[in-house]
Amino acid sequence: LQYLVFKRTANFDYLKRFHEDRRVPWMNCGLLADSDIDAFVNHSKFNEKAAKRLEQWYYLGISLAPLMQIPNGPQYLRALVQLMEEFEHFTGGFMSKMKNLRAKQVNLSDWSSEGPRAASEGEPIKGKIQKCGRNVMYMYLLVDHHNIPFKLDYRQIIFPLCELLTLMYTKFVDPSSANPNLHDAIIRLDTRVLNHVLEPISADLHQIALRI
């Protein structure tokens with residue numbers, strides 16, 4: 001687990017340095033200018049897809065920030081797992097439809113009392129999409145369903161998101177993480193971070209590097 005935390009925090013540190021300092025080469029292959037990144041993000045072929053992904057990362061970042069105040073351990077991990085479950089639902093696609101079908105029905109009157117709880121010994125930590133009638137209720141994902149009234153900047157989204165994810169992983173290094181169920185939850189969280197954050201960022205920057 002400590003090696004995983006070291007590896008991921010090193011990944012995020014590199015991405016932060018790359019986006020903050022244009023003298024840092026991408027994968028030691030070449031320097032990418034701000035104009036190169038802007039041209040890629042604003043290109044008509046990628047604009048809609050890139051804008052949607054930036055919006056998703058923006059909501060992930062503002063949703064992660066409050067969870068960093070939860071003490072390390074089962075309660076913290078349960079909240080993170082639930083957030084990532086909601087984030088995967090929000091990003092859409094086939095998995096989102098499957099999560100809708102398996103969603104748990106809740107009463108609106110009981111919704112405000114819901115919150116993170118500690119996992120009991122031997123209990124797996126799993127997220128669950130919850131619905132009140134036909135409406136999906138997000139417990140931790142902070143989403144404004146109205147249009148964001150300003151254009152999101154690629155670098156200003158990536159840098160703070162990497163800082164938050166660094167803190168998220170650092171909090172995994174805790175004696176309670178020796179619990180097999182907590183350890184498994186961390187591994188599953190890491191897979192989701194790879195799929196939804198690290199791999200898409202790397203793919204974008206690789207495409208930019210190929211264009212120059």
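Atoms considered below: every heavy atom in the structure, side chains included; atoms not considered: hydrogens, waters and symmetry mates.
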Checklist entry - Step by step, would you call W57 with L152 a side chain to side chain contact (heavy atoms under 4.5 Å, CB included)? => result CA-CA 10 Å; W57 287 338; L152 297 173; over 6 Å; no
Same cluster or not: are [X] and [Y] linked, directly or through other Ile, Leu, Val, Met, Phe, Trp or Tyr residues, by side-chain heavy atoms under 4.5 angstrom apart?
X: I187; Y: V173; result: yes
X: V81; Y: L194; result: yes
X: Y59; Y: M68; result: yes
X: M168; Y: F159; result: no

Calculate, to the nearest 0.5 Å, the distance between atoms [atom1] and [atom2] belonging to [X] and [Y] respectively.
X: T166; Y: K171; atom1: OG1; atom2: NZ; value: 13.5 Å
X: I186; Y: L1; atom1: CD1; atom2: CG; value: 4.5 Å
X: H89; Y: L141; atom1: NE2; atom2: CG; value: 10.5 Å
X: F90; Y: E55; atom1: CZ; atom2: CD; value: 5.5 Å
X: E88; Y: I129; atom1: CD; atom2: CD1; value: 9.0 Å
X: I70; Y: L80; atom1: CD1; atom2: CG; value: 7.0 Å

Item to check | Exercise: identify the closest heavy-atom pair between G73 and L182 | outcome: C-CD2, 4.1 Å
Checklist entry - Are R192 and E85 side-chain neighbours, meaning at least one heavy-atom pair lies under 4.5 Å? => result yes
Checklist entry - Can you find a pair of side-chain heavy atoms, one from L189 and one from L77, that are under 4.5 Å apart? => result yes
Checklist entry - Stepwise, does the side chain to side chain contact (heavy atoms under 4.5 Å, CB included) test hold for E199 with N195? => result CA-CA 6 Å; E199 290 181 353; N195 292 340; 3.7 Å; yes
Item to check | Candidate pair F12 and L161, rule side chain to side chain contact (heavy atoms under 4.5 Å, CB included), full reasoning | outcome: CA-CA 9 Å; F12 297 131; L161 180 59; over 6 Å; no
Item to check | Parallel, tilted or perpendicular, as decided by the 30° and 60° cut-offs, for the rings of F172 and Y76 | outcome: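 Because their plane-to-plane angle lies in the 30° to 60° range, the rings of Y76 and F172 count as tilted.
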Check: [Y] main-chain N/O paired with [X] side-chain donor or acceptor under 3.5 Å:
X: E86; Y: Y140; value: yes
X: R188; Y: I125; value: yes
X: S63; Y: L142; value: yes

Checklist entry - Among L60, T191, L64, whose side-chain contact (heavy atoms from CB on, under 4.5 Å) with M84 holds? => result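 Answer to the side-chain contact (heavy atoms from CB on, under 4.5 Å) test with M84 among L60, T191, L64: L60.
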Next on the checklist: Side chains of R8 and N11 only: does a donor on one sit below 3.5 Å from an acceptor on the other?
Outcome noted: yes
Checklist entry - Would Y154 and I201 satisfy side chain to side chain contact (heavy atoms under 4.5 Å, CB included), going step by step from the backbone distance to the final call? => result CA-CA 10 Å; Y154 185 85; I201 292 174; 3.9 Å; yes
